[in-house]
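The analysis underlying the following values was restricted to heavy atoms, covering all of them including side chains, and did not include hydrogens, waters or symmetry mates. Every number for a ligand or one of its atoms is a count from 1 in the order of the listing.
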Amino acid sequence: MRNVLITGGSRGIGAACVRKFAAAGDRVIFLYRSSEEAAAKLAHETGAMGLKCDVADKKAVEALFSQFSVSVDVLINNAGIAGFSLFQDLSEEDWSRMMETHLGGTFRCTKGVLPAMIAKQKGCIINLSSMWGQVGASCEVAYSAAKAGIIGLTKALAKEVGPSGIRVNCVAPGVIETDMNAALTPETVAALAEETPLGRIGTPEEIAETVFWLASDNASFLTGQVIAPNGGLVI
Ligand code: NDP
């Protein structure tokens, strides 16, 4: 039985990952920021353990890992936020929050699990990027920059910890039906679906399948890669 830690597990892609890994018999712990009710419901449904921890908060993550007795086999850095605005309207606060959540959260949680993985000479880290981290999105400069940073972090860390038996990969989804896209108008979603070669947007379960496969021994020779379940929108 693997110990799997998933950040941002209360909703969307993270929740689909919690369900997928828990159903496979893994011991799953997930973090969330504020959705207590959703987290409690998911924990009850799956048997996973939900812990409230804001990954953008250095002290909160340090406190979490200082009490953590579980050695994590699989870390999924999934917690994320969206932000839409003209670059000119981006504030320092917007920028910092985006960087602290995506890059800071990934940095901190990875630091928290690595010592035990190195000691075991085995481990798997999967970071959620986005197709916008690959090609950039207008009015999402901070998000695109953070997600591009996740790709750089993944590649560099894969080189550094590969000799310790640890695989580090990235999943860069296309447009997925979650709360993150709730602000998009139906017309925008329809236009994105039409632009997508497979003719639709994706589901959180499809991303969880990719993540699950990457964490399995079936992907044992894969590290430092960006796997892009995006329906062909970015090729
Ligand atoms: P959702 O908005 O549906 O869910 C976000 C999850 O992250 C929630 O569980 C939320 O917790 C958690 N979260 C947010 N900020 C923090 C934080 N600071 N600390 C801890 N948990 C936090 O997002 P998605 O499921 O759509 O996205 C998941 C990941 O996939 C993100 O990294 C996103 O950027 C990426 N992605 C999503 C795409 C999409 O189209 N949906 C496309 C490409 C990438 P809470 O419920 O408590 O707020």
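- For Ser164 (side chain) and Ile166 (main-chain N/O), no donor-acceptor pair under 3.5 Å exists by modelled atom type.
- Panel note: side chain Asp73, backbone Arg2; no donor-acceptor pair is recorded below 3.5 Å.
- The protein residues lying under 4.0 angstrom from ligand 1, judged by non-hydrogen atoms, are Gly8, Gly9, Ser10, Arg11, Gly12, Ile13, Tyr32, Arg33, Ser34, Ser35, Cys53, Asp54, Val55, Ala56, Asn78, Ala79, Gly80, Ile81, Arg97, Thr101, His102, Leu128, Ser129, Ser130, Tyr143, Lys147, Pro173, Gly174, Val175, Ile176, Thr178, Asp179, Met180, Asn181.
- Judged by distance alone, the side chain of Arg108 and the main-chain N or O of Val55 form a donor-acceptor pair under 3.5 Å.
- Side chain of Thr188 to backbone of Leu184: no donor-acceptor contact under 3.5 angstrom is found.
- The main-chain N or O of Cys170 is never found under 3.5 Å from a side-chain atom of Asn127 such that the two would form a donor-acceptor pair.
- You'll find the side chain of Ile176 stays beyond 4.5 Å of the side chain of Thr203, heavy atoms only.
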